[in-house]
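For reference, the structure discussed in these notes is given below.
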Amino acid sequence: MAQYRRVSGSVGLITLQNPPVNALSASVRQGIVDSVKRALGDQKVKSVVICGQNGVFCGGADIREFGRQMSGPPLVPMIHDIEAANKPVVAAIEGSALGGGLELALGCHYRISHSKAKLGLPEVTLGLLPAAGGTQRLPRLIGVPAALNLITTGRHVTAAEALQLGILDHVTEHNTVDVAVKFALSVTGESLDGRRISSFSCAPLSDLDSLFEEAMLKARALQYFFFAQRAVGRWSTPSGARWDTSQPRPVRKAAVIGLGTMGRGITVALAQAGLSVVAVETHAKQLMEAKKAVPSMLKRGAVRGGTTIEPDSITYSETVQAVADVDLVIEAVFEDMALKEKVFQQLSIVCKPDTLLCTNTSSLDVDHLASQTRHPELVVGMHFFAPAHVMKLLEVVYGRRSSPAAVATAMQLGKKMGKVSVAVGNCRGFAGNRMLKRYLEQAFFLLEEGATPELVDRALEEFGFPMGVFRMSDLSGLDVGWRVRKADGLADTSLTGTSARVRQGCRYSPLGDLLCEHGRFGQKTGRGWYQYDKPGGRVAKSDPWLHNFLDEYRARHGLVPRCIDQQEVLERCLFVLINEGFQILEEGIAAGPEDIDAIYVFGYGWPRHRGGPMFYADMVGLERVVERLERYHQAHPNVPYLQPSGLLRRLVANGSPPIHKWRNVIKNRNSQL
Ligand SMILES: CCC[C@H](O)CC(=O)SCCNC(=O)CCNC(=O)[C@H](O)C(C)(C)COP(=O)([O-])OP(=O)([O-])OC[C@H]1O[C@@H](n2cnc3c(N)ncnc32)[C@H](O)[C@@H]1OP(=O)([O-])[O-]
């Protein structure tokens with residue numbers, strides 16, 4: 001229902017009353033219709049304010065009424081009559097104005113909101129469209145692009161954003177109803193001609209077609225990704241192992257070896273999945289720290305997820321002997337082959353003969369580790385992403401000798417931990433990091449050629465990545481890649497002249513190595529590609545030191561900086577990553593494009609509404625990807641990865657079939673091998 005009273009002499013105040021969120025039930029609608037009629041018919045009333053009781057304007061149509069026989073006055077004419085009123089009507093928004101609630105406010109002539117209120121048209125999340133005028137009035141008020149965004153995402157916006165968008169006339173920190181009543185008094189008698197939103201015309205847009213095309217593309221990408229996410233569970237390997245013919249083993253008790261950052265996250269993820277966990281750390285100090293950190297991570301997770309965790313589901317140990325009776329071990333020691341070899345040799349002796357041995361590595365050779373054990377068929381890689389108890393992605397890496405049951409068990413365990421598990425073959429960097437390497441290289445090359453970290457990051461963030469490549473690199477630590485490059489014999493900054501920028505006959509940029517030599521490891525040291533206010537600081541600021549450093553570097557190497565635009569940044573960074581993706585498909589490292597897309601969306605921040613790199617290539621057009629790669633390869637012949645992969649060329653030669661048909665082309669190729 002709605003309460004009506006006259007306040008401040010001439011303001012009719014209508015208060016929606018339907019706890020808890022004043023949803024527009026039949027009786028509320030009836031109450032509004034009656035109250036508006038009363039206010040408009042009362043000579044003493046010169047203006048009207050509509051608000052909701054208990055600090056909530058309105059949560060929208062009453063969802064409890066959906067599916068029932070419609071009763072009471074319909075919403076659309078009710079809102080229309082408010083807009084047509086000849087006395088000013090002001091919406092006083094507190095708490096929420098969502099769905100029909102916002103549509104009601106859009107029918108009012110003015111909207112005043114408390115600063116803490118949230119507004120939006122979340123109907124899409126209920127499988128509905130804003131059918132009480134939202135699709136008509138919002139675009140007329142704030143323009144088609146912004147309205148389309150709110151309607152298709154259903155997101156709630158803050159009062160500040162709503163004010164900026166033009167949805168609100170005023171935002172207050174004070175009592176919203178009081179402010180609205182005062183405001184209603186001040187506009188008494190003013191013309192309402194320019195206040196009825198449905199009479200506004202939509203601002204003409206020259207590129208309306210491309211805007212809708214873009215929105216359709218986004219929808220297609222999201223729909224594709226919905227199925228891609230499910231397709232990765234139906235894994236297969238080139239040796240013929242498949243999800244539907246491989247039996248996973250039961251895993252009740254698991255162990256984690258090494259309780260650094262990754263090991264702790266994995267321990268938490270296993271415990272959250274209901275397993276009993278033996279957590280092993282041979283360094284006493286690290287073990288002590290983990291014993292404190294893991295329970296508090298679990299506690300935080302339980303509060304967030306509203307779950308409870310058995311406190312004794314984890315036992316800690318300083319010796320590997322403690323894992324003798326577990327079903328599965330995840331080794332998460334430092335990324336060092338010699339150390340991992342030793343751990344696997346030990347595990348092979350200590351564990352039951354049928355224990356599955358998994359390695360959490362981001363790039364090391366799973367086959368080599370398997371060869372250190374008595375049962376190489378029971379060894380697989382489980383590549384977690386940091387923080388391991390939060391990130392959704394898990395790459396399950398099968399080796400040459402991994403048994404179908406071992407792969408199935410790791411895949412199922414990943415699922416149990418709430419991860420999206422993607423089965424991939426064993427190669428340097430597996431699928432995700434192997435592609436990332438090419439993307440990073442191009443970003444470095446762009447800096448050499450004249451770009452700045454700010455320019456590159458802006459292009460990638462506008463594309464939809466939550467962070468550009470340099471901000472991301474500062475966050476994860478520049479020293480991580482440096483260590484790997486040093487181990488590979490690449491990070492040699494003593495080289496001079498042309499050889500300083502060439503390794504193994506290919507172009508190489510030592511920029512990352514040089515920064516590390518200056519102690520610039522990113523956020524952790526307060527300096528990286530950007531500067532931060534302190535070590536561990538998070539707000540990236542442009543760093544004049546870095547710009548000077550880049551100028552000097554270019555001058556030293558005779559590189560003449562040129563103007564680089566955002567399109568080149570996107571094409572160079574993304575197309576080379578995509579090209580590596582095709583190479584991975586060609587080699588059978590990933591079974592299909594959906595696997596790569598799931599890896600990139602869940603593990604690397606690829607924007608979901610762009611479907612993943614392989615879907616994006618399909619949308620851009622494979623011919624165009626080939627044409628641009630060829631052009632860039634001509635300009636940079638010493639970067640072999642810019643040469644379009646054989647599979648990409650073959651797909652184009654086959655008439656560029658849509659993404660769901662690529663597997664046929666890949667299969668034909670494999671059957672000819
Ligand atoms: C013609 C077409 C018209 C239009 O275009 C269609 C629509 O408007 S579609 C609608 C578009 N609107 C939406 O989609 C808004 C959906 N609602 C929300 O997003 C949040 O509830 C809100 C932000 C409002 C409050 O968050 P919070 O403070 O965390 O509170 P909470 O979430 O814990 O809920 C508290 C209680 O309120 C209940 N309830 C809530 N809304 C409705 C409703 N509309 N109806 C009925 N009941 C509703 C909820 O069930 C719960 O009940 P209980 O018995 O206590 O369990």
Side-chain angles (χ1 to χ4, degrees), residues 1-2 14-33 36 50-84 89 91-108 111 113-142 144 146-163 165 167-168 171 176-177 197-198 303-307:
M1 57 178 262
I14 302 171
T15 309
L16 314 190
Q17 292 184 329
N18 182 16
V21 299
N22 301 318
L24 295 162
S25 63
S27 65
V28 172
R29 297 195 304 274
Q30 189 63 59
I32 296 173
V33 168
V36 169
I50 302 180
C51 65
Q53 74 171 8
N54 298 335
V56 181
F57 180 70
C58 176
D62 193 330
I63 300 170
R64 288 168 296 205
E65 285 185 352
F66 290 0
R68 296 203 202 137
Q69 182 105 39
M70 170 88 185
S71 65
L75 208 49
V76 175
M78 180 194 95
I79 295 175
H80 183 74
D81 289 349
I82 291 172
E83 189 185 60
V89 184
I93 299 169
E94 294 172 305
S96 308
L98 297 172
L102 179 56
E103 292 174 305
L104 169 65
L106 291 172
C108 298
R111 284 155 296 281
S113 167
H114 191 268
S115 57
K116 295 223 168 87
K118 291 274 166 70
L119 297 88
L121 292 175
E123 282 86 343
V124 68
T125 62
L126 296 166
L128 302 171
L129 284 174
T135 58
Q136 305 306 308
R137 287 194 178 90
L138 196 60
R140 283 174 167 74
L141 185 63
I142 65 172
V144 173
L148 200 58
N149 173 278
L150 290 193
I151 293 167
T152 55
T153 61
R155 70 189 179 93
H156 300 181
V157 296
T158 59
E161 187 179 349
L163 182 70
L165 286 169
I167 299 174
L168 296 173
V171 173
T176 314
V177 179
I197 298 173
S198 60
V303 170
R304 256 199 319 270
T307 51

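Excluded from the calculations below are hydrogen atoms, water molecules and symmetry mates; all remaining heavy atoms, backbone and side chain alike, are included. Note that ligands are numbered from 1 as they come in the structure, with each ligand's atoms numbered from 1 the same way. Values in this document were obtained by computation on a predicted structure and should not be read as measured data.
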**Request:** Counting heavy atoms only, name the option from Ser25, Gly100, Ala131, Gly101 that's nearest to atom 8 (O) of ligand 1.
**Result:** Gly100

**Separation of Arg137 CZ from Ile167 CD1 (nearest 0.5 Å)** = 14.0 Å

**Message:** Which of the numbered atoms in ligand 1 are under 4.0 angstrom from any heavy atom belonging to Pro122?
**Reply:** 12 (N), 13 (C), 14 (O)

**Shortest reach to atom 18 (C) of ligand 1 by a heavy atom, considering only Leu75, Thr125, Leu98, Asp62** = Leu98

**Asked** Looking at atom 4 (C) of ligand 1, would you say a protein heavy atom lies below 4.0 Å from it?
**Response** yes

**Any protein heavy atom nearer than 4.0 Å to atom 44 (N) of ligand 1** = yes

**Request:** Ignoring hydrogens, tell whether any protein atom lies closer than 4.0 Å to atom 26 (O) of ligand 1; use the non-hydrogen atoms only.
**Result:** no

**Request:** Please state whether Ser96 comes within less than 4.0 angstrom of ligand 1, counting heavy atoms only.
**Result:** yes

**Prompt:** About how many Å separate CG of Leu150 and CG of Leu121, when rounded to the nearest 0.5 Å?
**Reply:** 6.5 Å

**Prompt:** Would a distance-only check, ignoring hydrogens and angles, find a side-chain to backbone donor-acceptor pair under 3.5 Å from Gln17 to Gln53?
**Reply:** no

**Heavy atom of protein closer than 4.0 angstrom to atom 33 (O) of ligand 1** = no

**Prompt:** Roughly how far, to the nearest 0.5 Å, is the NZ atom of Lys116 from the NZ atom of Lys118?
**Reply:** 11.0 Å

**Message:** Please check this pair: side chain of Asn22 against backbone of Val56, looking for a donor-acceptor N/O pair closer than 3.5 Å.
**Reply:** yes

**Prompt:** Counting each atom of ligand 1 from 1 as listed, which ones have a heavy atom of Gly60 under 4.0 Å away?
**Reply:** 8 (O)

**Prompt:** Do any nitrogen or oxygen atoms of Ala61 come within less than 3.5 Å of a nitrogen or oxygen of ligand 1?
**Reply:** yes

**Item:** Distance in Å, Leu119 CG paired with Phe57 CZ, rounded so as to fall on 0.5 Å steps
**Value:** 9.0 Å

**Asked** What is the distance from atom CG of Leu102 to atom CD1 of Ile93, rounded to the nearest 0.5 Å?
**Response** 6.5 Å

**Request:** Please write down residue, atom name and distance for the protein heavy atom closest to atom 10 (C) of ligand 1.
**Result:** Leu126 CD1, 3.8 Å

**Item:** Per-atom contact, atom 14 (O) of ligand 1, protein heavy atoms, under 4.0 angstrom
**Value:** yes

**Prompt:** After noting the C-alpha distance and the side-chain angles of Ile32 and Leu16, does the key distance pass the side chain to side chain contact (heavy atoms under 4.5 Å, CB included) rule?
**Reply:** CA-CA 8 Å; Ile32 296 173; Leu16 314 190; 3.6 Å; yes

**Prompt:** Near Gly99, which atoms of ligand 1 are under 4.0 Å from a heavy atom of that residue?
**Reply:** 8 (O), 11 (C)

**Message:** For Ala23, is there any backbone N or O sitting under 3.5 Å from a side-chain donor or acceptor partner on Asn18?
**Reply:** yes

**Asked** Does Arg111 reach the main-chain N or O of Ala91 with its side chain, forming a donor-acceptor pair under 3.5 Å?
**Response** no

**Prompt:** In terms of residue, atom name and distance, what is the protein heavy atom nearest to atom 12 (N) of ligand 1?
**Reply:** Gly59 O, 2.9 Å

**Item:** Side-chain donor or acceptor of Gln136 paired with backbone N/O of Ser198 under 3.5 Å
**Value:** no

**Fill in**
Atoms of ligand 1 under 4.0 Å from any heavy atom of Pro130, numbered from 1 in the order shown, are 5 (O)

**Complete:** Numbered in order shown, the ligand 1 atoms found under 4.0 Å of a heavy atom of Glu103 are 3 (C), 4 (C), 5 (O)

**Asked** atom 48 (C) of ligand 1: which of Asn18, Ile63, Val21 has the nearest heavy atom?
**Response** Val21

**Message:** For atom 47 (N) of ligand 1, tell me which residue out of Lys118, Glu123, Glu65, Arg64 has the closest non-hydrogen atom.
**Reply:** Arg64

**Prompt:** Counting only N and O atoms by type, is there a donor-acceptor contact under 3.5 Å from the side chain of Arg155 to the main-chain atoms of Asn149?
**Reply:** no

**Asked** Any protein heavy atom under 4.0 Å from atom 20 (C) of ligand 1?
**Response** no

**Asked** Within a distance of under 4.0 Å, is there any protein heavy atom near atom 54 (O) of ligand 1?
**Response** no

**Request:** Calculate, to the nearest 0.5 Å, the distance between atoms CG and CD1 belonging to Leu104 and Ile82 respectively.
**Result:** 5.0 Å

**Identity and distance of the protein heavy atom lying nearest atom 37 (O) of ligand 1** = Pro20 CG, 3.1 Å

**Item:** Location of contacts on Val56 toward ligand 1, heavy atoms closer than 4.0 Å
**Value:** neither

